Amino acid sequence: MFRRRRPLLRAAAVGGGAYLAGKHMARASDQRAAGEADQDDRISQLEQQQAPPPQQAPPPQAAPPAGPSMGDQLQQLAALHQQGVLTDDEFAAAKAKLLGS
């Protein structure tokens, strides 16, 4: 005759397996979506960091010297003082004028 071979047990096993497989697929899908969102965030941060810097004005060009340098002028004054052309007071006044004090 006809015997029952535990059809409920078989259905429960198949259903349980399908449940676990669906749960695993849902978890994998969630992890993939979270990974893609994280990657998008990192890409946007890198793009912001690599934005071109604001335009800077070119450095000012040095003005050509108007005359002899201060060191040269001090040497000329010292040479005139040593030659006796300038007195001590005149040398001190010219040096103070040159140094701006």
Side-chain angles (χ1 to χ4, degrees):
M1 300 229 155
F2 189 83
R3 280 191 183 180
R4 293 181 91 179
R5 297 197 179 211
R6 301 185 186 196
L8 292 177
L9 181 61
R10 204 173 312 138
V14 170
Y19 171 76
L20 289 177
K23 190 174 182 181
H24 174 73
M25 294 299 291
R27 189 178 316 128
S29 175
D30 289 344
Q31 287 176 349
R32 191 176 322 116
E36 287 176 2
D38 183 46
Q39 186 177 18
D40 290 342
D41 290 342
R42 286 186 280 155
I43 288 173
S44 65
Q45 288 174 358
L46 285 174
E47 287 173 347
Q48 289 174 358
Q49 289 176 359
Q50 293 177 354
Q55 294 290 334
Q56 297 178 353
Q61 296 180 356
S69 69
M70 186 179 296
D72 292 338
Q73 290 177 356
L74 283 174
Q75 287 177 353
Q76 288 176 352
L77 286 176
L80 291 174
H81 182 254
Q82 287 177 354
Q83 292 173 0
V85 175
L86 295 176
T87 64
D88 290 338
D89 292 333
E90 290 173 335
F91 173 74
K95 186 171 97 176
K97 180 181 176 185
L98 181 64
L99 296 176
S101 55

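Small disclaimer: the values here were computed from a predicted structure and weren't measured.
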List for me each residue that meets side-chain hydrogen bond (donor to acceptor under 3.5 Å, both in side chains) alongside Asp30, sequence neighbours excluded, and say none if there are none. none
Sorted by chain and residue number, the side-chain hydrogen bond (donor to acceptor under 3.5 Å, both in side chains) partners of Ser69 (sequence neighbours excluded) come out as Asp72
Between atom CD of Gln82 and atom CD of Gln75, what is the distance when rounded to the nearest 0.5 Å? 10.5 Å
Please examine the side chains of Leu99 and Met70, heavy atoms only from C-beta on, and report whether any two atoms are closer than 4.5 Å. yes
Please name the pair of heavy atoms, one in Leu77 and one in Lys95, separated by the smallest distance, quoted to 0.1 Å. CD1-N, 4.0 Å
Interatomic spacing from CD in Gln76 to CG in Leu86 - rounded to 0.5 Å: 11.0 Å
Residues joined to Leu20 in its hydrophobic cluster, side chain to side chain under 4.5 Å directly or through other members, sorted by chain and number, are Tyr19
